[in-house]
Amino acid sequence: MAAVNPSAASDLTHIVLAFEDNRLIGDLFGQFDQNLALLEQRLSIDAIARGNQVTLKGSQTACNQARAALESLYQRLLQGHEIHPGDVEGALRMAASADAQLPLPTLEPKSRLAFAQISTRRKTVVARTPTQDAYIRAMDRADLVFGTGPAGTGKTYLAVAYAAALIERGDASRLILSRPAVEAGERLGFLPGDMKEKVDPYLRPLYDALYDMMPPEKVDRGLQSGMIEVAPLAFMRGRTLSNAVVLLDEAQNTTSMQMKMFLTRLGEGSKMIVTGDPSQIDLPAGQTSGLREALGLLTDVEGVAHVRFTEIDVVRHELVARIVTAYDNASREASEERERRYNERRNTNARGAGERADQPS
């Protein structure tokens, strides 16, 4: 598929890629070659299309990454999937991580990138970052998975997609969605309507993802039949959840007792997925986050997996990644300033204690 001609400069490469199915070229290169333009922008290369061929010129590392990305996207098109600009970004991230010899993504023969993916009848979701790849594989491997990190990394969306796939395959008979309501509390009584109507506003992100993955009529039937259940955390006590996939979102706002209660609901043939952002805790000051505590206590427990997302994994608008980074930097600087002041007070107190000890009695 590719011919490589090293140029006179040691680090410059000339690669020609040819794709057999001409019907897919328009989708692969994008409207007005916008996908190739994105490769050029991200990798500082030249990508010149001619018929079913594209010529890549630039540094050897960048051209190899572009080739891996294009070949993986072409394979997606051969499988009947659509590709969008976000998929191109994801292919580039995965190619860069493979080029750096990281353990993810998995490599198939011929160095073809093998993206972990989740498929339902309505949609196929493919990992767009190495961490998403690890997250999907962790959900396959472990019965309890923690996905933590900032907004926009896909941790909740992928969890709902995975749960929907299990339901469609018949590997789980129920899908249970839970989320701490009204920030850290469970005070729902003052809200109008039945229980579903009370918690719906807090579960809207989960519903949005669910309707993306399953036909709306199937989601509605599932909610009516109980196959899909919304269960506020306060109403989970005393239950054993068997043959179900159970998703707890915004878990950073659970208390220690709530998290322990939730985790011990796990029954035979079930999977639990817990998502949250430990940096966005809304609990009252001095109250321990159940998510943070659980992550510390269950680090070495067999059957438990923890996947950490960072701002690098943000797959929304690229501005979101910069916003997350800015907040993280501010939080880190504030933490360093508090530590500096604490050390100054401790040193001052130590000097004062030493001076008092030197004074004659």
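Atom CG of residue Leu17 and atom CD of residue Gln53 lie 9.0 Å apart, to the nearest 0.5 angstrom. Taking CG from Leu43 and SG from Cys63, the interatomic distance works out to 8.5 Å, rounded to the nearest 0.5 Å. Of the inter-residue distances, the one linking Leu144 atom CG with Ile273 atom CD1 reads 9.5 Å to the nearest 0.5 angstrom. Separation of atoms CG (Leu78) and CG (Leu73) is listed at 11.0 Å; rounding is to 0.5 Å. In this structure, CG on Leu158 lies 11.0 Å from OG1 on Thr131, to the nearest 0.5 angstrom. A distance of 13.5 Å separates OH in Tyr162 from OG1 in Thr120, rounded to the nearest 0.5 Å.
Not one N or O on the side chain of Asp249 forms a donor-acceptor pair closer than 3.5 Å with the backbone of Arg179. The main-chain N or O of Phe309 is never found under 3.5 Å from a side-chain atom of Lys155 such that the two would form a donor-acceptor pair. Using a distance-only test at 3.5 Å, with no hydrogens or angles considered, a donor-acceptor pair links the side chain of Asn253 to the main chain of Asp282. Judged by distance alone, with hydrogens and angles left aside, the side-chain atoms of Glu268 form no donor-acceptor pair with the main-chain N or O of Ser242 at under 3.5 Å. Judged purely by atom type and a 3.5 angstrom limit, Arg265 uses its side chain to pair as donor or acceptor with the backbone of Met261. Judged by distance alone, with hydrogens and angles left aside, the side-chain atoms of Asn52 form no donor-acceptor pair with the main-chain N or O of Glu20 at under 3.5 Å. Between the side chain of Gln60 and the main chain of Thr13, no donor-acceptor pair closer than 3.5 Å is present. Using modelled atom types, no side-chain atom of Arg221 and backbone atom of Met227 make a donor-acceptor pair closer than 3.5 Å. The closest donor-acceptor contact from the side chain of Lys271 to the backbone of Met139 lies under 3.5 Å. Side chain of Gln132 to main chain of Thr153: a donor-acceptor pair is present (N/O by atom type, distance under 3.5 Å, no hydrogens or angles).
Nearest heavy atom pair, residue Leu39 against residue Ile45, reads O-CG1, 3.9 Å. In terms of heavy atoms, Ala161 sits closest to Val125 at CB-CG2, 4.4 Å. Nearest heavy-atom pair, Arg67 versus Asn64, reported as atom, atom and distance to 0.1 Å: NH2-OD1, 3.2 Å. Taking each heavy atom of Leu56 and Ala66 in turn, the nearest pair found is CD1-CB, 3.8 Å. The two residues Arg141 and Ala305 come nearest to each other via the heavy atoms NH2-CB, 4.1 Å. When every heavy atom of Ala172 is checked against every heavy atom of Val245, the shortest pair comes out as CB-N, 4.1 Å.
By the 4.5 Å heavy-atom criterion applied to side chains, Thr254 and Phe262 are not counted as neighbours. Using a 4.5 Å heavy-atom threshold, the side chains of Ile281 and Gln287 count as separate. Taking 4.5 Å as the limit, every side-chain heavy atom of Val246 sits out of range of all side-chain heavy atoms of Ser178. Contact of the Met213 side chain with the Arg122 side chain is not registered, since no non-hydrogen atoms from C-beta on lie closer than 4.5 Å. With contacts defined as side-chain heavy-atom distances shorter than 4.5 Å, the pair Val274/Met259 qualifies. By the 4.5 Å heavy-atom criterion applied to side chains, Tyr207 and Leu223 are counted as neighbours. At a threshold of 4.5 Å between non-hydrogen side-chain atoms, the residues Leu295 and Phe146 count as touching.
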| Could you go step by step and tell me if Thr275 and Leu247 meet the side chain to side chain contact (heavy atoms under 4.5 Å, CB included) rule? | CA-CA 8 Å; Thr275 65; Leu247 171 59; 4.2 Å; yes
| field | Step-by-step side chain to side chain contact (heavy atoms under 4.5 Å, CB included) determination, Lys260 to Glu293 | value | CA-CA 10 Å; Lys260 180 183 177 182; Glu293 182 183 59; over 6 Å; no
| Where do Arg128 and Asp87 land on the side chain to side chain contact (heavy atoms under 4.5 Å, CB included) test, with the steps shown first? | CA-CA 7 Å; Arg128 291 185 176 180; Asp87 298 313; 3.2 Å; yes
| task | In sequence, state the C-alpha distance, the side-chain angles, and the governing distance for Phe29 and Val54, and then conclude on side chain to side chain contact (heavy atoms under 4.5 Å, CB included). | result | CA-CA 9 Å; Phe29 295 169; Val54 59; 3.9 Å; yes
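Just one of Asp140, Val126, Ile136, Leu166 meets the side-chain contact (heavy atoms from CB on, under 4.5 Å) condition when paired with Ile118; it is Ile136.
In this structure, Thr288 has no side-chain hydrogen bond (donor to acceptor under 3.5 Å, both in side chains) partners at least two apart in sequence or on a different chain. Under the side-chain hydrogen bond (donor to acceptor under 3.5 Å, both in side chains) criterion, Glu229 pairs with Arg239, sequence neighbours left out. Every residue was checked against the salt bridge (charged side-chain N to carboxylate O under 4.0 Å, His left out) condition with Arg292, not counting sequence neighbours, and none meets it.
The 12-atom threshold is not exceeded at CD of Glu302, counting heavy atoms of other residues, nucleotides or ligands nearer than 6.0 Å. Within 6.0 Å of CZ on Arg169 lie more than 12 heavy atoms contributed by other residues, nucleotides or ligands. Glu82 CD: 12 or fewer foreign heavy atoms inside a 6.0 Å radius. For Glu217, the CD atom sits in a packed shell: over 12 heavy atoms of surrounding residues, nucleotides or ligands are nearer than 6.0 Å.
For the residue pair Asp27 and Tyr74, no side-chain donor N or O sits within less than 3.5 Å of a side-chain acceptor on the partner. Side-chain atoms of Tyr157 and Asp208 form no donor-acceptor pair, as typed in the model, at a separation below 3.5 Å. Thr148 and His306 are linked by a side-chain donor-acceptor pair at a separation below 3.5 angstrom, with hydrogens and angles left out of the test.
Glu89 and Arg42 are joined by a salt bridge, as a carboxylate oxygen and a charged side-chain nitrogen come within less than 4.0 angstrom of each other.
Taking hydrophobic clusters as Ile, Leu, Val, Met, Phe, Trp and Tyr residues chained together by side-chain heavy-atom distances below 4.5 Å, Val301 shares a cluster with Met272.
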